[in-house]
Visitor: 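I'd like to ask some things about the structure below.
One is the number of the first residue; the rest follow in order along the sequence.
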Amino acid sequence: MKKLYSASEIAAMCLPGLPKSKPALIARAQSEGWFFEERKGIGGTRKVYEIPARYLGEAKTLPAEATSVAGTIVAGSSDIDLSKLQMVETVLEEALRARGLEIDPARRGAVVAFLYDYAKKGGNQEGILMAIKALVA
């Protein structure tokens, strides 16, 4: 399952105990030694981080403030199903990697929101893969 997010994505999630600005979040990740990978894309290389479990807690959903990341996903709801979101991210990441593709972060957010909405309405991994193929073709 995808567990790696850019600093700006994590900051926008407004997770309790984490900074809400990209520079402060990068400093925190560095000082605490968070796991990260470097991803190459248009505009250069960026780091994507794994959010330490202590910041996610036992919750199965992200806090209501996280709707700023996925406002179109939850459309008035205060909870995001983290397992569905992670499944969507994993399927998307694997499909892109298999094709040697990357998506601009702004567009990726829209793609994830669309796929999450589909998954939330009962869509399965096979349907998500079909949608990804149509979106990146």
Visitor: To the nearest 0.5 Å, what is the distance between OG on S8 and CZ on R46?
Guide: 7.5 Å

Visitor: Out of curiosity, does M130 fall in the hydrophobic cluster containing L92 (side-chain heavy atoms, cut-off under 4.5 Å, transitive links)?
Guide: no

Visitor: Side-chain donor-acceptor pairs under 3.5 Å in residues 18-28, sequence neighbours left out?
Guide:
| residue | atom | partner | partner atom | Å |
| --- | --- | --- | --- | --- |
| S21 | OG | A24 | N | 3.3 |
| R28 | NH1 | G17 | O | 2.8 |
| R28 | NH1 | Y55 | OH | 3.1 |

Visitor: For E32, does the CD atom have more than 12 heavy-atom neighbours from other residues, nucleotides or ligands under 6.0 Å away?
Guide: yes

Visitor: Determine the minimum heavy-atom distance between Y118 and G127, stating which atoms define it.
Guide: OH-CA, 3.5 Å

Visitor: To the nearest 0.5 Å, what is the distance between CZ (F114) and CD1 (I132)?
Guide: 10.0 Å

Visitor: Sequence neighbours left out, what passes side-chain contact (heavy atoms from CB on, under 4.5 Å) with Q30? Give chain and number order.
Guide: none

Visitor: I51 versus Y5: any side-chain heavy-atom pair under 4.5 Å?
Guide: yes

Visitor: For the CD1 atom of I10 and the OH atom of Y49, what is their distance to the nearest 0.5 Å?
Guide: 8.0 Å

Visitor: Side chains of E89 and Y116: does their closest heavy-atom pair fall under 4.5 Å?
Guide: no

Visitor: Of the non-hydrogen atoms in I128 and A119, which two are nearest, and what is the gap between them?
Guide: CD1-CB, 4.0 Å

Visitor: Let me confirm one number: the NZ-CG distance from K84 to L115, rounded to the nearest 0.5 Å.
Guide: 13.5 Å

Visitor: Could you tell me which residues satisfy side-chain hydrogen bond (donor to acceptor under 3.5 Å, both in side chains) with E37, sequence neighbours excluded, listed by chain and number?
Guide: R39

Visitor: Hey, could you give me the NZ/CG distance between K120 and L85, rounded to the nearest 0.5 Å?
Guide: 10.5 Å

Visitor: Just verifying a value: how many Å separate K3 NZ and T90 OG1, rounded to the nearest 0.5 Å?
Guide: 9.0 Å

Visitor: Considering non-hydrogen atoms only, spot the tightest contact between W34 and E50 and give its length.
Guide: CE3-O, 3.8 Å

